[in-house]
Amino acid sequence: MNDQIRAREVRLVGPEGEQVGIVPLERALQLAADVDLDLVEVAPMARPPVCKLMDFGKFKYESALKAREARRNQQQTVIKEMKLRPKIDSHDYETKKGHVVRFLKAGDKVKVTIMFRGREQSRPELGFRLLRKLEEEVAEVGFVESSAKQDGRNMIMVLAPHRSVKLAGRKGDEGTGAEAEEVLAEPSAQA
C-alpha cells in the first residue's frame, strides 16, 4: 500500500476500474495523492504488479461486512450421538430409534455408537446386525454417511438426513404434525 510498494513501475487501475496503463511508481503515487485515495497493490505477483486507486479504509470495512454476513448465513452442522449396547431390549431400541428419527427430521447428523463390554467384544456381528437394522428402519429420513466400523471397544456409524428432510427440519415445521392429525380427523367426524 502506498509507500510500501517496491516495484519501479506498476499497471495502474483507476478508482472506477478503468485501465490507466503501465506507469512509474512515482507517477502512480502522485495520481493517488491528487484524487485523495490510496495506491493498493492488488496483484503483487504479476509483471508488472497491478495496483488500484481506492479508499483502503472503506475497502477493509466493506470486506469485514461481507465476511460477517457470510458467517451469519453459514449453516452449522450439529452431530448428535446415540449410544446403544448389543443386547438392547426391543422397547429400549424403539425409544432410541425414535430419538434418532427425531434428530434426523430436525436436520442434524447422528453418530450411533454401540459399546461392547467384556465378552461382547468377541461378537462384533451383533453390533453390525443392530446397526444394519437401524439403517433400514430410518432409511426414509436419513442415509448412512459413514458405514459401521469397529473402533476399539465401540462400533460407530454416522447417519445424515436426506436433503429434503434437512430443508424441512431447518424451516421450523414444529407443530405441523398435530395440525395434520386434526385435518385428518375432521372428515371422518363428518361422515
Side-chain angles (χ1 to χ4, degrees), residues 42-45 56-191:
V42 291
M45 301 309 291
F56 190 66
K58 182 178 177 183
F59 171 73
K60 278 178 56 176
Y61 174 73
E62 288 173 352
S63 63
L65 279 180
K66 286 179 186 175
R68 191 177 315 132
E69 188 65 32
R71 277 195 306 273
R72 185 179 300 138
N73 293 335
Q74 197 174 45
Q75 189 176 21
Q76 298 293 323
T77 303
V78 179
I79 298 180
K80 305 280 189 171
E81 184 170 9
M82 188 57 56
K83 293 188 176 186
L84 307 170
R85 297 287 313 279
K87 296 180 183 176
I88 191 168
D89 187 51
S90 61
H91 181 268
D92 295 335
Y93 169 78
E94 291 298 323
T95 303
K96 298 272 188 174
K97 182 183 81 169
H99 292 312
V100 169
V101 169
R102 187 182 74 218
F103 293 150
L104 290 172
K105 283 184 178 177
D108 300 327
K109 291 183 180 182
V110 181
K111 176 180 170 185
V112 182
T113 304
I114 296 187
M115 303 173 296
F116 295 98
R117 290 199 303 207
R119 292 185 191 152
E120 293 172 348
Q121 292 179 44
S122 64
R123 304 282 310 274
E125 66 275 4
L126 293 174
F128 275 114
R129 244 184 274 144
L130 189 60
L131 289 176
R132 183 80 53 221
K133 179 181 173 187
L134 182 65
E135 172 189 340
E136 291 169 2
E137 291 180 4
V138 300
E140 66 272 359
V141 291
F143 65 95
V144 176
E145 187 178 74
S146 172
S147 61
K149 58 182 172 275
Q150 188 82 28
D151 182 27
R153 292 178 171 226
N154 300 327
M155 187 174 292
I156 298 168
M157 175 175 76
V158 178
L159 299 168
H162 290 302
R163 182 83 180 136
S164 59
V165 173
K166 187 184 288 187
L167 291 175
R170 292 286 178 211
K171 288 182 182 174
D173 290 339
E174 290 85 354
T176 57
E179 294 166 5
E181 289 174 13
E182 290 175 7
V183 171
L184 292 175
E186 288 177 15
S188 60
Q190 294 172 354

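For the atom pair CD (Q121) and CG (N154), the distance works out to 9.0 Å, reported to the nearest 0.5 Å. To the nearest 0.5 Å, the span separating NZ on K109 from CD on E145 amounts to 3.5 Å. Here the CD1-CG distance, from I156 to L131, works out to 10.0 Å after rounding to the nearest 0.5 Å. The CZ atom of F56 sits 8.0 Å away from the OG atom of S63 when rounded to the nearest 0.5 Å.
The two residues F143 and P161 have their closest heavy-atom pair at CE2-O, 3.4 Å. Pairing each heavy atom of G142 with each of L104, the nearest pair is CA-CD1, 4.1 Å. M155 approaches G127 most closely through the heavy-atom pair SD-C, 3.7 Å. Heavy-atom minimum distance, F103 versus V110: CB-CG2, 3.5 Å.
The shortest distance between side-chain heavy atoms of V144 and M157 falls below 4.5 Å.
Of the possible polar contacts, none joining the E136 side chain to the K133 backbone as a donor-acceptor pair under 3.5 Å is found. The backbone N or O of G152 lies less than 3.5 Å from a partner atom in the side chain of Q150, making a donor-acceptor pair. Distance alone, capped at 3.5 Å, is enough to place a donor-acceptor pair between the R85 side chain and the M115 backbone.
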Would you please test E94 and K97 for side chain to side chain contact (heavy atoms under 4.5 Å, CB included) and show each step?
CA-CA 5 Å; E94 291 298 323; K97 182 183 81 169; 3.2 Å; yes

Run Y93 and L130 through side chain to side chain contact (heavy atoms under 4.5 Å, CB included) and show every step you take.
CA-CA 9 Å; Y93 169 78; L130 189 60; 3.8 Å; yes

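Shown here are the side chain to side chain contact (heavy atoms under 4.5 Å, CB included) partners of E81, two or more places apart in sequence or in another chain: K83, K111, T113. Residues satisfying the ring-ring contact (aromatic ring centres under 6.0 Å, His included) criterion with Y61, sequence neighbours excluded, are absent altogether.
By the 6.0 Å contact criterion, CZ on R102 is enclosed, its count of non-hydrogen atoms from other residues, nucleotides or ligands being greater than 12.
With respect to R132 and E135, a salt bridge is recorded, a charged nitrogen being found less than 4.0 Å from a carboxylate O. Salt-bridge check for R72 with E69: passed, with a basic side-chain N closer than 4.0 Å to an acidic carboxylate O.
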